[in-house]
Amino acid sequence: MCLLLGATGVGKTLLVKRLQQLSSRDGKGDLGDPPPTRPTVGTNLTDIVAQRKITIRELGGCMSPIWSSYYGTCRSLLFMLDASNPTQLSASCAQLLGLLSAEQLAEASVLILFNKIDLPCYVTVEEMKSLIRLPDLLACAKQNISTVEISARKGTGVSEVLRWLQDPHRTNS
C-alpha cells in the first residue's frame, strides 16, 4: 500500500488521476488537459496498474490528525508539497517530520513531491530543500528518501513518480 499525503490543496487528487492516465498509456504520450478534481474529504483508494498493481490511498489534508491510523499497511509514501505556497511550507515540514519519525513508517520508502512548478510564483526546488532542511532530513531519517519536481496539472514529472512506484529495488537495505 502506498500512502499519498500532503496539506489541503497541494494537488494529490490530480496526481492520482494523472498516474491513472499515464499507466493506461504504458507511460507514454501527452496527458492533455488536466481532468476535473474535487477536494478529497476522507480517503480515496486507487489502483494504478502498469508493470504491477499499486494501490494508492490518498488521504485528505484535513485528515492529518488521524493519518497515523493508516500507517500500518504503508510500504511507500508519497508526500506532496505545494511549491507555489510558501506560507504553507512550515506546516508541511512539520507534517513531514512527524511522518519520518513515526515508527510504523521506519521501513517505508519516501518520495517527496515538489508540485506546482509550472506556476510563475513557485519557490525553486533548491529553496524548498533549504527551507525544509532536506540535507538534515536525509542524514537523520531511517527511510530511503527521494525527491522529484512535478506539475500534476501539466503532467511534468508524473512519469518519474510512476517509475518510482513501480521500482521493486527502492526498498530500504
Side-chain angles (χ1 to χ4, degrees), residues 1-16 18-19 40 43-44 48 54-119 121-154 156-173:
M1 172 77 65
C2 176
L3 283 179
L4 172 55
L5 305 174
T8 301
V10 297
K12 297 179 298 292
T13 302
L14 184 54
L15 174 64
V16 170
R18 289 301 206 183
L19 286 167
T40 300
T43 181
N44 289 330
I48 306 293
I54 300 283
T55 301
I56 297 176
R57 180 182 296 273
E58 174 198 351
L59 298 174
C62 62
M63 291 183 60
S64 63
I66 62 165
W67 282 352
S68 59
S69 306
Y70 296 90
Y71 295 171
T73 59
C74 179
R75 295 293 148 250
S76 55
L77 172 67
L78 299 173
F79 186 77
M80 188 176 281
L81 297 162
D82 181 343
S84 71
N85 189 348
T87 58
Q88 190 183 61
L89 197 55
S90 62
S92 292
C93 186
Q95 289 174 331
L96 179 59
L97 288 171
L99 294 168
L100 296 176
S101 64
E103 197 56 43
Q104 287 178 293
L105 297 176
E107 298 293 317
S109 294
V110 178
L111 181 61
I112 301 172
L113 307 164
F114 299 106
N115 190 29
K116 302 189 183 183
I117 60 164
D118 56 307
L119 298 179
C121 58
Y122 84 99
V123 178
T124 68
V125 170
E126 290 310 312
E127 291 171 311
M128 296 268 288
K129 287 178 178 179
S130 175
L131 289 169
I132 68 170
R133 298 183 60 172
L134 187 64
D136 293 336
L137 288 178
L138 295 175
C140 297
K142 297 174 185 169
Q143 297 87 347
N144 176 14
I145 301 173
S146 304
T147 62
V148 67
E149 296 177 68
I150 69 167
S151 168
R153 189 168 65 88
K154 292 196 175 216
T156 308
V158 175
S159 59
E160 291 176 60
V161 176
L162 185 60
R163 272 193 303 277
W164 184 87
L165 286 168
Q166 295 292 333
D167 184 0
H169 302 293
R170 69 177 154 73
T171 57
N172 291 338
S173 49

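The chain is numbered in sequence order, starting from 1. Everything quoted here is computed from the prediction, not taken from an experiment.
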What are the two closest heavy atoms between [X] and [Y], and how far apart are they?
{"X": "T43", "Y": "M63", "answer": "N-SD, 4.1 Å"}
{"X": "D136", "Y": "R133", "answer": "OD2-NH2, 2.6 Å"}
{"X": "L78", "Y": "C2", "answer": "CG-SG, 3.7 Å"}
{"X": "A152", "Y": "G11", "answer": "CB-O, 4.2 Å"}
{"X": "M1", "Y": "T73", "answer": "CB-O, 3.1 Å"}
{"X": "K116", "Y": "G9", "answer": "NZ-O, 2.7 Å"}

With rounding to the nearest 0.5 angstrom, report the [atom1] to [atom2] distance, [X] to [Y].
{"X": "E149", "Y": "N115", "atom1": "CD", "atom2": "CG", "answer": "11.0 Å"}
{"X": "L137", "Y": "I132", "atom1": "CG", "atom2": "CD1", "answer": "5.5 Å"}
{"X": "Q143", "Y": "L138", "atom1": "CD", "atom2": "CG", "answer": "10.5 Å"}
{"X": "L119", "Y": "D82", "atom1": "CG", "atom2": "CG", "answer": "7.5 Å"}

[Y] and [X], any side-chain heavy atoms less than 4.5 Å apart:
{"X": "L96", "Y": "L5", "answer": "no"}
{"X": "V123", "Y": "F114", "answer": "no"}
{"X": "L111", "Y": "S76", "answer": "no"}
{"X": "L3", "Y": "Y71", "answer": "yes"}
{"X": "I150", "Y": "I117", "answer": "no"}

Short question: side chain of [X], backbone of [Y] - any donor-acceptor pair under 3.5 Å?
{"X": "R75", "Y": "S109", "value": "no"}
{"X": "E160", "Y": "G157", "value": "no"}
{"X": "Q166", "Y": "I54", "value": "no"}
{"X": "N44", "Y": "E58", "value": "no"}

Looking at L14, V10, L15, V16, which hits side-chain contact (heavy atoms from CB on, under 4.5 Å) with K12?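 That would be V10; it is the only one of L14, V10, L15, V16 passing the side-chain contact (heavy atoms from CB on, under 4.5 Å) with K12.
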
Side-chain ion pair, D118 and K154, N-O less than 4.0 Å: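 No, this pair does not count.
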
Contact list for residues 92-104, test side chain to side chain donor-acceptor pair (under 3.5 Å), sequence neighbours left out: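 Applying side chain to side chain donor-acceptor pair (under 3.5 Å) to every pair that reaches into residues 92-104, excluding sequence neighbours, yields E103-K142.
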
Y70 vs L59, test: side-chain contact (heavy atoms from CB on, under 4.5 Å). Steps then yes/no. CA-CA 9 Å; Y70 296 90; L59 298 174; 3.6 Å; yes

Should V110 and L99 be marked as a side-chain contact (heavy atoms from CB on, under 4.5 Å) after you check the CA-CA gap, both sets of side-chain angles, and the distance that decides it? CA-CA 10 Å; V110 178; L99 294 168; over 6 Å; no

Test side-chain contact (heavy atoms from CB on, under 4.5 Å) on L105 and C74 and set out the steps. CA-CA 7 Å; L105 297 176; C74 179; 3.7 Å; yes

Looking at residues at least two apart in the chain, or sitting in another chain, which of them share a side-chain hydrogen bond (donor to acceptor under 3.5 Å, both in side chains) with S68?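 By the side-chain hydrogen bond (donor to acceptor under 3.5 Å, both in side chains) rule, S68 matches no residue at all.
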
Applying salt bridge (Lys or Arg N to Asp or Glu O under 4.0 Å), can you list everything that pairs with E126, at least two apart in sequence or on another chain?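 Partners of E126 under the salt bridge (Lys or Arg N to Asp or Glu O under 4.0 Å) test: none.
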
Under the side-chain contact (heavy atoms from CB on, under 4.5 Å) criterion, do L19 and L165 qualify, and how do the steps go? CA-CA 10 Å; L19 286 167; L165 286 168; 4.0 Å; yes

